[in-house]
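First the structure, in the form of structure tokens, and then the observations on it.
Note that the structure is predicted; figures quoted are calculated from it, not measured. Every chain is numbered from 1 and lettered A, B, ... according to where its sequence line falls, protein lines coming before strand lines.
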Amino acid sequence: MNEFTQSIYMNLAQIPKGRIISYGQLAKLAGYPNHSRHVGKTLAKLPKDTTLPWHRVVNSQGRISLSGDSFYKQKERLEKEGIAICENGKIMNFKQVIMQ
DNA sequence: CGTCTGACAATGA
DNA sequence: GTCATTGCCAGAC
């Protein structure tokens with residue numbers, strides 16, 4: 001667990017329910033701009049039973065970057081928080097739920 | 001040490 | 001709107 005990872009977790013934990021954030025924004029908030037890719041890598045290592053809201057992280061185009069089972073898992077979790085998502089992973093009310 | 005990879009982002013066609 | 005290209009950086013090999 002390094003400083004980068006720690007900071008990512010800290011900021012991610014503060015994303016309110018019903019809101020989402022992009023990988024780039026999260027990295028930036030954590031104080032590491034240009035580390036968007038590493039954010040995804042870090043989240044991928046999280047245990048299944050983590051309490052962190054990893055599902056509130058999407059790419060800058062407002063769509064889910066996952067595929068297969070993980071995709072549906074994230075989709076369902078988000079819809080449970082009131083965020084509508086298309087079958088193709090596109091977030092409907094993206095502009096309303098994305099962090100600004 | 002050189003290369004490749006990835007839950008990405010910004011830009012342009 | 002979508003797709004391709006380029007830049008990015010830490011880890012794996």
Side-chain angles (χ1 to χ4, degrees):
Chain A
M1 175 90 68
N2 53 41
E3 169 64 28
F4 172 79
T5 306
Q6 184 74 55
S7 194
I8 290 297
Y9 289 174
M10 289 270 297
N11 287 278
L12 176 56
Q14 292 176 37
I15 304 301
K17 182 180 180 181
R19 291 310 258 331
I20 59 178
I21 190 172
S22 72
Y23 297 91
Q25 284 179 339
L26 181 55
K28 207 170 183 179
L29 274 181
Y32 295 82
N34 307 42
H35 286 58
S36 52
R37 296 190 89 144
H38 197 54
V39 170
K41 208 167 202 173
T42 300
L43 295 183
K45 292 177 181 173
L46 284 171
K48 298 176 184 176
D49 56 7
T50 180
T51 56
L52 288 173
W54 56 269
H55 53 277
R56 291 178 193 154
V57 186
V58 297
N59 66 26
S60 66
Q61 298 181 11
R63 55 188 336 224
I64 294 177
S65 288
L66 298 176
S67 57
D69 292 343
S70 302
F71 167 79
Y72 286 107
K73 189 159 187 170
Q74 178 168 15
K75 181 170 176 291
E76 286 175 22
R77 285 210 190 190
L78 288 177
E79 291 179 331
K80 215 167 187 177
E81 297 189 352
I83 299 175
I85 301 175
C86 293
E87 276 304 309
N88 58 18
K90 186 83 176 176
I91 292 159
M92 308 293 277
N93 46 1
F94 179 60
K95 290 180 181 175
Q96 284 85 49
V97 296
I98 187 66
M99 296 286 275
Q100 294 175 352

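Counting only distance, with no hydrogens or angles, the side chain of A:E79 and the backbone of A:A84 share no donor-acceptor pair below 3.5 Å.
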For residues 37-51 of chain A, which side-chain N or O atoms pair as donor and acceptor with protein atoms under 3.5 Å away, sequence neighbours left out?
unit_1, atom_1, unit_2, atom_2, d
A:T42, OG1, A:H38, O, 2.8
A:T50, OG1, A:L52, N, 3.2

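Using atom C1' as the reference point in both B:dC1 and C:dA12, the two lie 14 Å apart (nearest Å).
Counting only residues at least two apart or in different chains, side chain to side chain donor-acceptor pair (under 3.5 Å) contacts with residues 3-23 of chain A comprise A:N2-A:T5.
Separation of atoms OG (A:S36) and NZ (A:K28) is listed at 11.0 Å; rounding is to 0.5 Å. A distance of 13.5 Å separates CE in A:M92 from CG in A:L78, rounded to the nearest 0.5 Å. Going from atom CE of A:M99 over to atom CZ of A:R56 covers 10.0 Å, rounded to the nearest 0.5 Å. Annotation: the span from A:Q96 atom CD to A:I91 atom CD1 amounts to 11.5 Å, rounded to 0.5 Å.
Side-chain contact between A:S65 and A:V58 is absent, with no heavy-atom pair separated by less than 4.5 Å. Taking the side chain as every heavy atom from C-beta outward, A:I20 and A:V57 never approach each other to under 4.5 Å. At a threshold of 4.5 Å between non-hydrogen side-chain atoms, the residues A:R63 and A:F94 do not count as touching. A 4.5 Å side-chain heavy-atom check between A:E87 and A:K75 finds at least one atom pair inside the cut-off. Residues A:I8 and A:L29 fail the side-chain proximity criterion, which asks for heavy atoms closer than 4.5 Å.
Under a 4.0 Å N-O distance rule, the pair A:R77/A:E81 does not qualify as a salt bridge.
Note that the first and last nucleotides of DNA chain B, 5' to 3', having any atom under 4.0 angstrom from a heavy atom of chain A are B:dT5 to B:dA10.
Using a 4.0 Å cut-off on heavy atoms, none of the residues of residues 86-100 of chain A approach DNA chain B.
Residue contacts for A:S67: at a heavy-atom cut-off of 4.0 Å it reaches no nucleic acid atom on any strand shown.
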Would you list the protein and nucleotides 3-7 of chain C atom pairs, both N or O, that sit under 3.5 Å from each other?
unit_1, atom_1, unit_2, atom_2, d
C:dG7, O6, A:R37, NH1, 3.1

- Bracket string, DNA chain B, 5' to 3' - pairs by Watson-Crick or G-U geometry under 3.5 Å, | interstrand: .|||||.||||||
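If A:K41 and A:Q25 are placed on DNA chain B by their nearest nucleotide, the residue sitting closer to the 5' end is A:K41.
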